[in-house]
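Input: a single structure, listed below in structure tokens.
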There are 2 protein chains.
Amino acid sequence: MTAEDRPASPPLTERQEARRRRILHASAQLAGRGGFDAVQMREVAEAAGVALGTLYRYFPSKIHLLVATMQDQLQRMHTTLRKRPPAGENAADRVAETLMRAFRALQREPQLADAMVRALTFADRSVSPEVDTVSRLTTAIILDAMGLEHPTPQQLSAVRVIEHTWHSALITWLSGRASIAQVKIDIETVCRLIDLTASPSRPAPAAGPTARSGRTAPV
Amino acid sequence: MTAEDRPASPPLTERQEARRRRILHASAQLAGRGGFDAVQMREVAEAAGVALGTLYRYFPSKIHLLVATMQDQLQRMHTTLRKRPPAGENAADRVAETLMRAFRALQREPQLADAMVRALTFADRSVSPEVDTVSRLTTAIILDAMGLEHPTPQQLSAVRVIEHTWHSALITWLSGRASIAQVKIDIETVCRLIDLTASPSRPAPAAGPTARSGRTAPV
DNA sequence: ATCAAGTCTGAAACTTGTTCTAGATTAGCG
DNA sequence: CGCTAATCTAGAACAAGTTTCAGACTTGAT
């Protein structure tokens with residue numbers, strides 16, 4: 001769980017760890033008010049009690065900083081979600097419920113969500129590793145909700161599509177082009193993909209290799 | 001078809017229309033090389049032979065400019081796609097084929113795609129109307145491929161999810177976090193939603209009023 | 001043709017992300 | 001303890017998006 005945090009950079013001293021934490025805190029704080037635009041590097045530095053140059057040493061760009069902030073928040077959310085697993089009948093319901101729960105959490109801090117999500121989708125190649133970490137975290141949350149240990153490639157693809165939908169739906173909501181109800185419907189719609197791919201391999205602790213879970217689509 | 005272009009702002013004079021066109025052309029040109037970062041407002045202005053202030057009068061921000069550029073390109077693509085409709089058996093196949101065709105078109109100008117898509121997802125509320133226009137254009141393209149005139153709410157939701165996936169998959173590809181093959185798989189996966197929603201209300205292209213006629217594209 | 005209103009130009013100014021530099025501090029080591 | 005390399009600080013400087021302004025040019029109506 002902590003393995004997917006930092007790769008293996010030089011281990012930070014205590015003061016450095018504290019600085020890093022202050023920076024992330026300041027970032028989340030500022031994002032919480034004004035959103036993306038309110039996270040100004042000079043202000044973050046000042047709020048964190050750190051020189052501008054130092055801020056840039058820790059996070060090489062504003063995007064890096066916000067993506068790291070998102071990692072941080074996601075990790076928290078994952079922990080929270082684990083405490084109360086979703087209670088749906090089938091995987092699709094559980095995933096939809098989990099995502100809607102996450103969504104409601106974001107609703108409480110729409111500005112923060114705005115800053116993080118905008119940074120995430122705006123990130124270019126130089127931020128790929130960090131964005132990938134966020135993606136893996138999200139995947140983990142969804143797989144958790146599905147209750148899967150060894151997903152098939154098809155299921156992984158469905159999960160990717162769900163992630164796509166999740167991010168993009170979030171954006172349309174944040175920019176005021178979709179209502180909450182619509183986001184809910186979209187999430188539920190995409191979650192139906194799970195049933196499409198899940199049926200054959202789910203309950204079996206199955207010996208044997210992950211048997212070809214063909215597409216038993218009921219049509 | 002031209003109705004969804006500009007709302008109804010003061011009708012532009014000829015010279016103004018020409019300026020607008022020069023600006024969009026310069027924007028696409030610059031984006032074609034260096035991508036998002038290479039579209040610098042001063043350079044666009046100079047390349048278009050227009051003062052900086054004028055550029056800002058036509059497009060109130062870089063994001064507006066790039067989203068307008070995307071509108072322009074999408075319109076072109078829609079026209080092109082219409083000439084050779086996809087030839088798949090069912091709606092899902094046709095949509096997937098259409099999107100992959102669009103995707104290959106973008107592959108030819110990855111930098112331009114980068115600029116446009118980044119702008120699109122980075123756009124905030126102030127650009128909502130323009131982004132919405134792009135969204136409607138995309139929806140039109142997908143519905144065209146499905147061959148639907150009067151989609152059900154469920155189908156519209158599926159289309160929205162497909163759009164979400166399309167944008168987000170594009171981003172992951174552009175930022176180097178997903179291969180083309182993966183994008184293809186994701187597109188095909190999400191397109192299965194169409195069959196899911198189509199079945200209950202439309203079991204066969206029976207004697208429906210929307211009888212598709214010219215679907216015999218010679219590939 | 002002329003006038004008023006609106007538009008365009010060129011240039012400077014302002015904002016915020018990012019980079020750079022010189023000197024002060026800190027950490028690890030012999 | 002004293003040294004050296006790395007890190008941190010304060011602040012200037014630079015880059016590109018955005019705003020502003022005075023003056024020149026167009027346009028449309030009279």
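Each chain gets a letter, A, B and so on, in the order the sequences are listed, and its residues count up from 1.
Atom CZ in B:Arg118 sits roughly 13 Å away from atom P in D:dG17 (whole-Å rounding). B:Arg57 has its CZ atom 15 Å from the C1' atom of C:dG10, to the nearest Å. The distance between atom CG of A:Asp37 and atom C1' of D:dG17, rounded to the nearest whole Å, is 12 Å. Counting to the nearest Å, the P atom of C:dT25 and the CZ atom of A:Arg19 are 14 Å from each other. Between the P atom of C:dG17 and the CZ atom of A:Phe122 lies a distance of 12 Å, rounded to the nearest Å. The interatomic distance linking A:Phe36 (CZ) with D:dG17 (C1') rounds to 13 Å, in whole Å. One atom, CZ of B:Arg15, and another, P of C:dT7, lie 14 Å apart when rounded to the nearest Å. Rounded to an integer number of Å, the gap from CG of B:Leu55 to P of D:dG17 is 10 Å.
Between B:Lys184 and B:Glu188, at least one side-chain N (NZ, or NE/NH1/NH2) sits under 4.0 Å from a carboxylate O, which counts as a salt bridge. Between A:Arg101 and A:Glu97 there is a salt bridge, since at least one side-chain N of the basic residue sits less than 4.0 Å from a carboxylate O of the acidic one.
Between the CD1 atom in A:Ile141 and the CH2 atom in A:Trp166 there is a gap of 8.5 Å [rounded to 0.5 Å].
Between D:dG17, C:dT18, D:dC8, one nucleotide has an atom nearer to the side chain of B:Gln40 than all others, and that is D:dG17.
Residue A:Val39 is classed as a sugar-phosphate contact, given heavy-atom separations below 4.0 Å to backbone atoms only. Nucleic acid contact class of A:Phe59 (heavy atoms, under 4.0 Å, all strands): none.
Checked by atom type, the side-chain pair A:His164/B:Ser168 shows a donor-acceptor distance below 3.5 Å.
Between the side chain of B:Gln155 and the backbone N or O of B:Thr152, at least one donor-acceptor pair lies under 3.5 Å.
When each of B:Thr54 and A:Lys62 is assigned the nucleotide of DNA chain C with its nearest heavy atom, B:Thr54 is the one assigned upstream, toward the 5' end. Residue B:Arg42 is the one, among A:Met41 and B:Arg42, whose nearest nucleotide of DNA chain C lies closer to the 5' end (criterion: closest heavy atom). Between B:Thr13 and B:Tyr56, it is B:Tyr56 whose nearest contact on DNA chain D lies nearer the 5' terminus.
Note on B:Gln16: every side-chain N or O is 4.0 Å or more away from OP1 and OP2 of D:dT27. Of the side-chain N and O atoms in B:Tyr58, one or more sit less than 4.0 angstrom from OP1 or OP2 of C:dC8.
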